[in-house]
Asker: 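My questions will all concern the structure given below.
Just so you know, residue 1 is the first one in the sequence shown, and it goes up from there.
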Amino acid sequence: MRTLHNIFDSLWAALMMYTRLPFWRLYQPGNAAFRHAVGYWPFVGWLTGGVMMLTLALGLDVLNLPVVALLVIIVRILLTGAFHEDGLADFCDGMGGGKGREDVLRIMKDSRIGTYGVLALLSYFLLLYFCMREITVALGIFSLKPASPCHNPILMTGAVMLSADVWGKCCASLLVGQMPYARREEEAKAGSSYLPYNWAAQFARIVVALLPVALLWWHIGIMPPYAAIVTPFIVEVLLAAWMRRRLRGYTGDCCGATFLLCELSVYIAWIVSLP
């Protein structure tokens with residue numbers, strides 16, 4: 001029972017940390033749970049990705065696709081409080097403008113946004129917006145082909161959004177097991193760093209988190225292309241190697257940036273793979 005209580009606390013802490021919904025009003029987990037929260041980040045993807053999926057489905061009933069794609073992005077920003085986008089901006093400012101390790105870490109911690117951060121956010125949002133539009137249109141055309149397994153392109157696009165969110169968070173969470181925290185713990189923005197997790201336990205969490213995605217794909221009738229599964233892991237490995245060389249570790253901003261870039265790579269892999 002103690003183990004189940006710890007799992008619940010860590011999952012609740014993850015929901016509190018990575019969304020702006022008032023979960024803290026309902027229950028307060030112990031402080032230790034927040035240090036294990038990153039291992040439960042993929043489960044939060046089911047909430048954020050599910051809300052994106054629902055926004056797409058409801059929005060297309062009354063609005064045109066360009067407006068709905070923008071609404072989907074705005075809804076996720078409101079849901080997370082731009083937590084990950086802030087990490088991407090700080091990460092790019094630090095890695096782009098910093099000379100040495102300490103300089104990079106100092107710039108990342110600065111709350112002001114610089115040129116690299118602005119350019120990174122503009123590039124990310126433009127790519128995400130046009131990827132969402134392109135996938136929706138491409139799946140709509142694909143569904144019209146004879147003997148196509150894609151009978152509901154809207155549901156299919158929503159499933160791409162859901163899986164991209166979950167897969168992206170899965171990949172980003174792997175950073176914690178690959179390298180140490182780059183700062184002293186008392187210098188962390190949240191006041192503490194994540195604890196390294198047991199890889200076997202983390203693998204089990206990932207399988208459990210992604211099992212419903214697999215069932216959803218099976219229900220739709222078409223599985224995601226191989227590239228959409230492999231590409232985000234490649235992106236994570238490359239980013240981790242860059243962080244290890246420049247920082248000799250990771251920071252919270254590194255995790256946020258890795259999530260967004262891995263998520264974006266899923267969309268791009270889908271577009272490239274679609275017939």
Side-chain angles (χ1 to χ4, degrees), residues 10-11 13-19 34-50 52 76-77 79-92 94-95 108 117 120-121 124-125 127-128 131 160-183 188-190 192-199 201-210 213 228-244 246-247 249-269:
S10 297
L11 176 58
L15 291 168
M16 289 174 60
M17 287 183 67
Y18 303 123
T19 74
F34 292 93
R35 305 193 68 187
H36 296 278
V38 72
Y40 295 84
W41 199 3
F43 292 90
V44 181
W46 273 92
L47 173 61
T48 52
M52 293 171 71
R76 216 262 298 269
I77 291 174
L79 188 61
T80 62
F83 187 67
H84 314 307
E85 289 77 8
D86 178 67
L88 176 64
D90 289 342
F91 174 79
C92 291
M95 298 293 263
M108 279 189 185
L121 289 178
Y124 166 75
F125 282 125
L127 278 170
L128 182 62
C131 281
V160 173
M161 292 179 178
L162 178 63
S163 62
D165 198 311
V166 176
W167 272 108
K169 287 180 169 66
C170 282
C171 292
S173 70
L174 299 179
L175 288 176
V176 178
Q178 291 176 298
M179 63 188 83
Y181 189 66
R183 306 181 191 275
K189 288 182 179 179
S192 63
S193 61
Y194 300 123
L195 287 175
Y197 45 73
N198 178 279
W199 276 97
Q202 178 64 6
F203 178 76
R205 292 188 190 108
I206 291 173
V207 170
V208 171
L210 295 182
V213 175
I229 300 173
V230 175
T231 303
F233 286 105
I234 296 175
V235 171
E236 189 276 335
V237 169
L238 293 175
L239 287 171
W242 192 23
M243 295 168 200
R244 189 178 290 109
R246 294 292 307 275
L247 303 175
Y250 76 93
T251 67
D253 291 328
C254 293
C255 291
T258 301
F259 159 59
L260 293 182
L261 296 176
C262 288
E263 179 196 39
L264 188 60
S265 74
V266 174
Y267 288 108
I268 294 173

Asker: Indicate yes or no for a side-chain donor-acceptor contact from Ser173 to the backbone of Cys170 under 3.5 Å, with no hydrogens or angles considered.
Answerer: yes
Asker: Identify the heavy atoms of Leu264 and Cys131 that sit nearest to each other, and give their distance.
Answerer: CD1-SG, 4.5 Å
Asker: List the atom of Leu79, the atom of Leu47, and the distance in Å for their closest heavy-atom pair.
Answerer: CD2-O, 4.4 Å
Asker: Restricting to ring pair (Phe, Tyr, Trp, His ring centres under 6.0 Å), what partner residues turn up for Tyr40, sequence neighbours left out?
Answerer: none
Asker: Is any side-chain heavy atom of Phe91 closer than 4.5 Å to a side-chain heavy atom of Leu260?
Answerer: no
Asker: Determine, stepwise, if the pair Thr80 / Glu85 fulfils side-chain contact (heavy atoms from CB on, under 4.5 Å).
Answerer: CA-CA 9 Å; Thr80 62; Glu85 289 77 8; 4.2 Å; yes
Asker: Would you call the rings of Trp41 and Phe259 parallel, tilted or perpendicular, taking 30° and 60° as the class edges?
Answerer: tilted
Asker: Which distance, rounded to the nearest 0.5 Å, do you find between the NZ of Lys169 and the CZ of Phe43?
Answerer: 13.0 Å
Asker: What's the shortest heavy-atom distance between Met179 and Ala240, and which atoms?
Answerer: CE-O, 3.4 Å
Asker: Strictly distance-based, threshold 3.5 Å: is any side-chain N or O of Ser163 a donor or acceptor partner for the main-chain N or O of Val160?
Answerer: yes
Asker: Testing the basics here: between Leu162 and Gly45, what is the closest heavy-atom pair and its distance to 0.1 Å?
Answerer: CD1-O, 3.9 Å
Asker: Would you say the side chain of Thr231 lies within less than 4.5 Å of the side chain of Ile268, judging by non-hydrogen atoms?
Answerer: no
Asker: To the nearest 0.5 angstrom, please state how far the CE atom of Met243 sits from the OH atom of Tyr250.
Answerer: 11.0 Å
Asker: Rounded to the nearest 0.5 Å, what separation is found between the CG atom of Leu261 and the SG atom of Cys92?
Answerer: 7.0 Å
Asker: Going through the checks in order, is the side-chain contact (heavy atoms from CB on, under 4.5 Å) test met by Glu236 and Gln178?
Answerer: CA-CA 11 Å; Glu236 189 276 335; Gln178 291 176 298; 2.3 Å; yes
Asker: Would you find a donor on one side and an acceptor on the other, under 3.5 Å apart, between the side chain of Arg246 and the backbone of Met95?
Answerer: yes
Asker: Considering the options Val38, Thr251, Thr258, Leu239, which one meets the side-chain contact (heavy atoms from CB on, under 4.5 Å) requirement together with Leu175?
Answerer: Thr258
Asker: Minimum heavy-atom separation for Pro232 to Ser265, with atom names?
Answerer: CA-OG, 3.3 Å
Asker: Val266 and Ala228: which non-hydrogen atoms are nearest, and at how many Å?
Answerer: CG2-O, 3.8 Å
Asker: Nearest 0.5 Å please: distance from the CG atom of Leu174 over to the SG atom of Cys255.
Answerer: 10.0 Å
Asker: Taking atom CG of Leu121 and atom CG of Asp86, what is their separation to the nearest 0.5 Å?
Answerer: 8.5 Å
Asker: Before you tell me yes or no, could you show the steps for Met108 and Leu247 under side-chain contact (heavy atoms from CB on, under 4.5 Å), namely the whole-Å CA-CA distance, both residues' side-chain angles and the distance that decides it to 0.1 Å?
Answerer: CA-CA 11 Å; Met108 279 189 185; Leu247 303 175; 3.9 Å; yes
Asker: To the nearest 0.5 angstrom, please state how far the CD atom of Glu263 sits from the CZ atom of Arg76.
Answerer: 4.0 Å
